[in-house]
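The structure appears below as structure tokens.
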Protein chains: 2
Amino acid sequence: MKSEHIPKATIGRLAVYIQVLENLLRDGTDVISSEKLANACSVNSSQIRKDLAYFGEFGVRGVGYYVQELITSIKHSLGIDRVWNCALIGVGNLGTALLRHHDFERRGFVIKAAFDCDPDKIGKELEGMEIVCPTHLKNQAKERGIELGIITTPADRAQRAANHLVDAGIKGIVNYAPARINVPPHIPVEYVDFFDHLYSLAFQVTLGSFEE
Amino acid sequence: MKSEHIPKATIGRLAVYIQVLENLLRDGTDVISSEKLANACSVNSSQIRKDLAYFGEFGVRGVGYYVQELITSIKHSLGIDRVWNCALIGVGNLGTALLRHHDFERRGFVIKAAFDCDPDKIGKELEGMEIVCPTHLKNQAKERGIELGIITTPADRAQRAANHLVDAGIKGIVNYAPARINVPPHIPVEYVDFFDHLYSLAFQVTLGSFEE
DNA sequence: CTTGCCATGTGAATTTTTTAACATGGCTCT
DNA sequence: AGAGCCATGTTAAAAAATTCACATGGCAAG
């Protein structure tokens with residue numbers, strides 16, 4: 001099929017498929033049908049076939065999908081079969097935690113530079129990385145081939161951080177700060193809200209307690 | 001309106017509205033129109049009015065929404081205008097980070113007990129909380145009025161953790177482990193995947209680099 | 001008290017996404 | 001080499017979500 005517009009929900013599900021497929025691989029499964037995979041992911045099997053069809057034909061009719069091959073194909077489709085250099089702005093609790101969380105690196109998202117405007121923090125080292133003033137972002141970004149920005153500032157600093165990133169020619173932003181930011185329309189922004197899921201859960205549980 | 005079935009996407013947006021409204025309040029805005037709020041949230045204004053209509057009538061025609069009042073109404077609608085006691089299973093890097101992250105508490109999600117099956121960790125204290133073997137979950141849950149479970153184990157321990165939680169009569173689960181879990185259908189599960197957003201961003205950036 | 005204004009709340013139209021159904025084509029066994 | 005099997009890829013139908021458009025009703029001004 002190879003369509004142009006791909007639903008955002010599809011991307012989210014592809015992330016799920018990767019997770020499940022990697023666990024399957026670890027357990028020694030090397031071929032799987034859309035039906036079985038669908039079951040493991042709690043989705044419809046047509047959904048899986050359609051999601052994959054956006055990007056190409058990865059399966060073998062009458063057989064199923066080769067697990068390792070499918071993982072590779074999905075990763076390639078998403079553009080995560082390579083390294084993405086990132087800049088992190090805001091070395092507070094969360095920023096520090098992310099710097100220490102080496103899973104990011106394992107997945108190909110390498111934090112190449114850390115920024116903070118707090119004079120007490122500038123110059124200090126963390127995980128082998130010197131904390132630098134955001135005014136140097138532009139230079140560092142070019143020097144180190146940084147393409148993505150990660151905002152972990154407080155809410156009221158998020159916009160300023162975004163401005164620095166945009167000015168530095170960054171291509172995309174993940175915003176962990178609890179605030180919306182304005183950036184030029186060609187720069188995608190992903191908002192991460194830690195409470196989102198908790199709210200959703202609380203809502204479902206509350207709802208469930210009524211319909212009995 | 002007060003409908004029965006509410007789209008999951010609506011819940012996600014309500015979380016965004018809360019975030020934006022709280023920032024507005026801090027800046028001293030006390031009335032806002034759906035149009036303006038829509039702008040700040042990057043959604044359609046009808047979307048906002050419809051999302052809210054699922055739960056009631058919170059605005060004043062010809063005027064708009066009173067910010068503080070709307071925040072309260074949304075929180076009540078979601079069931080987050082109260083305290084939710086939680087149990088955390090898996091005191092590794094992530095689990096420890098969550099225990100220290102007191103924002104959870106500020107939002108009403110209080111971690112009342114921490115569990116881990118590692119004998120080296122059992123008995124130790126963390127943030128004023130004793131780490132306990134998961135076999136004691138059932139007792140503790142009843143004793144401490146715990147309703148929600150938070151799984152922060154490695155992938156291969158997630159199912160076991162889920163079983164403990166279900167057995168303890170927990171009402172809902174947030175799963176941070178990179179694995180799917182099986183639980184009875186009446187227990188909602190929210191999966192948190194840290195890479196989801198990064199994948200999505202990488203994809204959008206990759207895509208953007210083609211259509212020029 | 002009445003009139004005009006304006007943003008909400010809602011029903012209808014559109015768009016998007018999901019599900020179902022089936023034709024296609026590769027693999028295996030004879 | 002040919003036939004049958006079976007899960008994919010795809011087209012069509014169904015369901016769901018979003019957007020549009022406007023009637024409704026509260027507030028303020030005269």
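In what follows, chains are A, B, ... by sequence order, proteins preceding strands, each numbered from 1.
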Problem - Rounded distance (Å) that lies between atom C1' of D:dT8 and atom NZ of A:Lys36 - result: 15 Å
Practice task
Let me know the distance between CD of A:Glu35 and P of C:dA21, rounded to the nearest Å.
Solution key: 13 Å
Handout entry: Between D:dA17 (C1') and B:Ile11 (CD1): distance, integer Å
Key = 14 Å
Practice task
For B:Arg61 and D:dG25, give me the distance from atom CZ to atom P, rounded to whole Å.
Solution key: 6 Å
Completion exercise
Nearest-nucleotide check on DNA chain C, A:Ser46 vs B:Val63; residue mapping nearer the 5' end is B:Val63
Fill in the blank from the handout: Whole-Å distance, A:His5 NE2 to C:dT15 C1', equals 11 Å
Exercise for the section: Taking atom CZ of B:Arg160 as the centre, report whether more than 12 heavy atoms of other residues, nucleotides or ligands fall under 6.0 Å from it. Expected result: no
Completion exercise
Picking from C:dC27, D:dT18, C:dG9, the nucleotide nearest the side-chain atoms of B:Gln47 would be D:dT18
Fill in the blank from the handout: With the side chain defined as heavy atoms from C-beta on, A:Tyr65 is closest, among D:dT8, C:dT8, D:dT19, to D:dT8
Handout entry: Phosphate OP1/OP2 of D:dT8 contacted by A:Ser34 side-chain N/O (<4.0 Å)
Key = yes
Handout entry: Among C:dT8, C:dT24, C:dT18, the one nearest A:Lys50 by side-chain distance
Key = C:dT18
Problem - Among C:dT8, D:dT8, D:dC27, the one nearest A:Ser33 by side-chain distance - result: D:dT8
Practice task
Could you tell me whether the side chains of A:Gln159 and A:Asn163 share a donor-acceptor contact shorter than 3.5 Å?
Solution key: yes
Handout entry: Under 3.5 Å donor-acceptor, B:Asp196 side chain and A:Gly12 backbone
Key = no
Problem - Exceeds 12 heavy-atom contacts within 6.0 angstrom, atom CG of A:Asn93 - result: no
Handout entry: Nearest-nucleotide 5' precedence on DNA chain C, A:Gly62 against B:Gly59
Key = B:Gly59
Exercise for the section: Grab the CG-P distance between A:Leu70 and D:dA7 for me, whole Å please. Expected result: 16 Å
Practice task
Output the single nucleotide from D:dA17, D:dG26, C:dT10 whose closest atom is nearest the side chain of B:Val60.
Solution key: D:dG26
Problem - Candidate nucleotides C:dC27, D:dC20, D:dT8, ranked by approach to the side chain of B:Asn44 - the nearest - result: D:dC20
Handout entry: Separation of atom CG in B:Asp51 from atom P in D:dA17, rounded to whole Å
Key = 11 Å
Practice task
Check the distance between C:dG26's C1' and A:Glu57's CD and give it to me in whole angstrom.
Solution key: 12 Å
Problem - Atom NE2 of B:His76 with >12 non-hydrogen neighbours under 6.0 angstrom - result: no
Completion exercise
Testing D:dT24, D:dT18, D:dT8 for proximity to the side chain of B:Arg13, the answer is D:dT18
